[in-house]
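We count ligands from 1, going down the list as the structure has it; atoms in each ligand are counted the same way. All residue numbers refer to positions in the sequence shown, counting from 1. Only a predicted model underlies this, so the values are computations on that prediction, with no experimental measurement involved.
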Amino acid sequence: MIIGIDLGTTNSTVSVWQDGRAVLIPNALGDLLTPSAVSIDDAGALLVGFAARERQSTHPDRTATAFKRYMGTRHVTKLGGVAFTAEDLSAIVLGRLKADAEAYLGTTVSEAVITVPAYFNDRQRKATRRAGELAGLQVRRLLNEPTAAALAFGIQDCADREPFLVFDLGGGTFDVSIVEMFDGVVEVRASAGDNRLGGEDFNDAIMALARTRLDLAAMEALAAPALVHEIMRAAAERTRRALSDAAQAPFQVTIAGVQFETIVSAAEFEAQAAGLIERLRDPVLRSLRESDTRVDLLSEIVLVGGATRMPVVRKAVTRMFSRFPNASVHPDHAVGLGAAVQAALLAKDAALDEIRLSDVCPFSLGVDTTERDARGALHGGLFSPVIERNTPIPASRISYFRTLADNQREVQFGIYQGEAREVRNNIKLGEITVPVPPRPAGMVGVECRFSYDSSGLLEVDVHVPETGMTRNLVILDEVDAMTERDVAQRRELLAALKYHPREEAANAALLARAARCYESFIGAERERIGHGTLEFQAALERQDPRGIRIAHGQLSGLLDTLEGERFL
Ligand code: AMP
């Protein structure tokens with residue numbers, strides 16, 4: 001059995017192909033989305049998912065969220081004195097998803113398809129793969145998120161060369177990809193994005209609006225500015241979600257028992273968010289241009305990511321393409337469901353034709369060069385891409401260079417990955433030097449060939465046709481080269497950790513939520529939360545199943561009343 005996993009920045013899902021279709025698997029709380037959050041409690045036991053995310057505000061130094069953005073780096077997060085890399089934290093989340101799948105399927109699971117952003121570089125991909133291995137999963141394939149989304153929307157059932165535009169607006173990032181199938185091969189033809197644009201920015205727009213109408217000074221007299229900001233942000237999120245279903249919605253905060261409220265209309269929100277909406281356009285145009293796709297030839301425009309639920313976004317997309325986008329699959333579920341489709345393809349389920357997926361190079365690979373400006377002055381350290389980003393891989397490209405100085409004896413290439421014009425802003429991967437015969441400047445040519453494949457192996461060949469001299473360099477990922485021993489060590493570390501029992505996830509989640517609410521309310525409400533928590537804890541200590549059920553119901557009912565239904 002191969003499971004599909006969407007390992008998201010905010011939330012993750014686990015899915016499986018069952019009875020001829022992809023289904024999401026609920027976690028121990030019955031939720032389809034599991035927050036990508038890890039927290040360590042005072043007894044040193046790990047909490048994963050909802051309970052962990054609830055502890056973000058009450059135990060920030062023991063809780064990690066949004067660690068996907070550090071994937072593939074050595075960035076370390078310390079939780080209760082223990083150091084974790086993003087890979088470790090992801091492994092912990094993956095381990096929990098695996099357990100959820102096993103509980104649901106009633107069998108052990110050892111293989112998975114895990115989705116990654118199309119722009120993830122090699123290092124990030126390897127880290128993801130290794131996180132899966134650390135969680136006890138053989139990662140059968142890493143699947144690009146836009147490809148997964150396209151599979152969920154049925155690209156595999158379309159005719160050849162019917163491009164899908166995947167419009168993915170999440171909490172913090174925006175990605176547009178052109179995905180196409182040809183001859184049984186699904187391909188991400190291009191992807192462009194803005195990694196500083198997402199639902200959060202729309203919250204800021206609502207907060208800006210609210211600030212002009214509410215007495216901020218009065219709020220800050222009641223609580224610390226940072227807390228006021230946090231409370232306002234949560235309120236903005238509620239308002240924004242409510243505006244997805246209504247023409248107006250209240251913006252409401254309670255600070256130290258005092259209520260502040262204003263009403264925000266959809267039209268006001270739209271006007272305030274105009275600048276953000278405008279920023280959606282550029283990545284769309286770039287992806288179309290880079291994949292050489294005409295808008296009228298797009299087969300589908302599919303919406304993915306929670307923030308595409310905003311009517312302002314849908315309206316903007318409709319306007320941009322002069323037609324309605326396809327939102328028939330739940331935007332938070334599409335990538336996960338696509339992973340299960342791919343899992344089924346891998347398992348050769350007869351329900352679908354087998355499709356091989358190919359990838360694009362998510363970054364440009366090139367060398368440093370020196371160029372002469374119009375006045376003849378030399379400028380070194382400039383990036384000259386050999387394989388441009390979004391080139392389908394495996395790829396092999398040659399660039400031609402000439403000597404720069406009279407009687408130059410060798411040509412040296414620094415090899416870089418990135419998009420910046422100056423190589424110092426890109427990642428240096430290696431260096432290669434080839435001897436050349438002494439000639440006047442520009443009289444010796446050098447060929448530089450880059451070959452890059454989907455395993456992330458980059459091979460560089462430099463060749464001097466005049467002498468027949470060739471030099472070769474194979475660049476393996478640095479992380480791989482150094483982590484054989486590390487992996488064993490990490491595995492030990494993770495194995496030694498204690499986990500909160502999965503069966504108690506619902507109780508742990510409720511306690512974490514109650515603790516957070518206790519901190520954010522005051523007065524009579526705070527007292528009621530404290531009382532409800534005590535009752536619940538007492539029932540847990542008595543290990544009385546009926547009492548636990550009743551106290552659980554009462555406490556969660558109280559919290560729902562106080563802060564509205566919880567949202568994922
Ligand atoms: P993702 O990163 O794809 O999980 O998307 C998370 C984003 O979706 C967050 O910014 C949420 O605020 C947003 N979101 C979720 N539900 C809604 C909704 N009903 N209306 C508007 N935005 C939503």
**Asked** Taking the side chain from Asp175 and the backbone from Asp168, do they hold a donor-acceptor pair closer than 3.5 Å?
**Response** no
**Request:** Answer yes or no: is there a donor N or O on one side and an acceptor on the other, between the side chain of Ser90 and the main chain of Ala131, under 3.5 Å?
**Result:** no
**Residue pair Gly338 / Leu143: nearest heavy atoms and the distance that separates them** =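 Minimum heavy-atom contact is O-CD2, 3.9 Å.
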**Complete:** Tightest non-hydrogen contact, residues Arg314 and Leu303, listed as NE-CD1, 3.7 Å
**Prompt:** Should Phe167 and Val304 count as side-chain neighbours, where that means a heavy-atom distance under 4.5 Å?
**Reply:**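 Not touching, per the 4.5 Å side-chain cut-off.
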So for ligand 1, is [X] a polar contact partner (N or O within less than 3.5 Å, distance only)?
| X | value |
| --- | --- |
| Ala307 | yes |
| Met310 | no |
| Leu169 | no |

What atoms of ligand 1 come closer than 4.0 angstrom to any heavy atom of [X]?
| X | value |
| --- | --- |
| Gly171 | 1 (P), 2 (O), 5 (O), 6 (C), 7 (C), 9 (C), 10 (O) |
| Gly305 | 3 (O) |
| Gly199 | 10 (O) |
| Glu237 | 11 (C), 12 (O) |

**Item:** Option set Ala236, Gly198, Ser244, criterion heavy-atom distance to atom 20 (N) of ligand 1, minimum
**Value:**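 When every heavy atom of Ala236, Gly198, Ser244 is considered, Ser244 comes closest to atom 20 (N) of ligand 1.
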**Item:** His59: ring-ring contact (aromatic ring centres under 6.0 Å, His included) partners, not counting sequence neighbours
**Value:**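 ring-ring contact (aromatic ring centres under 6.0 Å, His included) check on His59 returns nothing, list empty.
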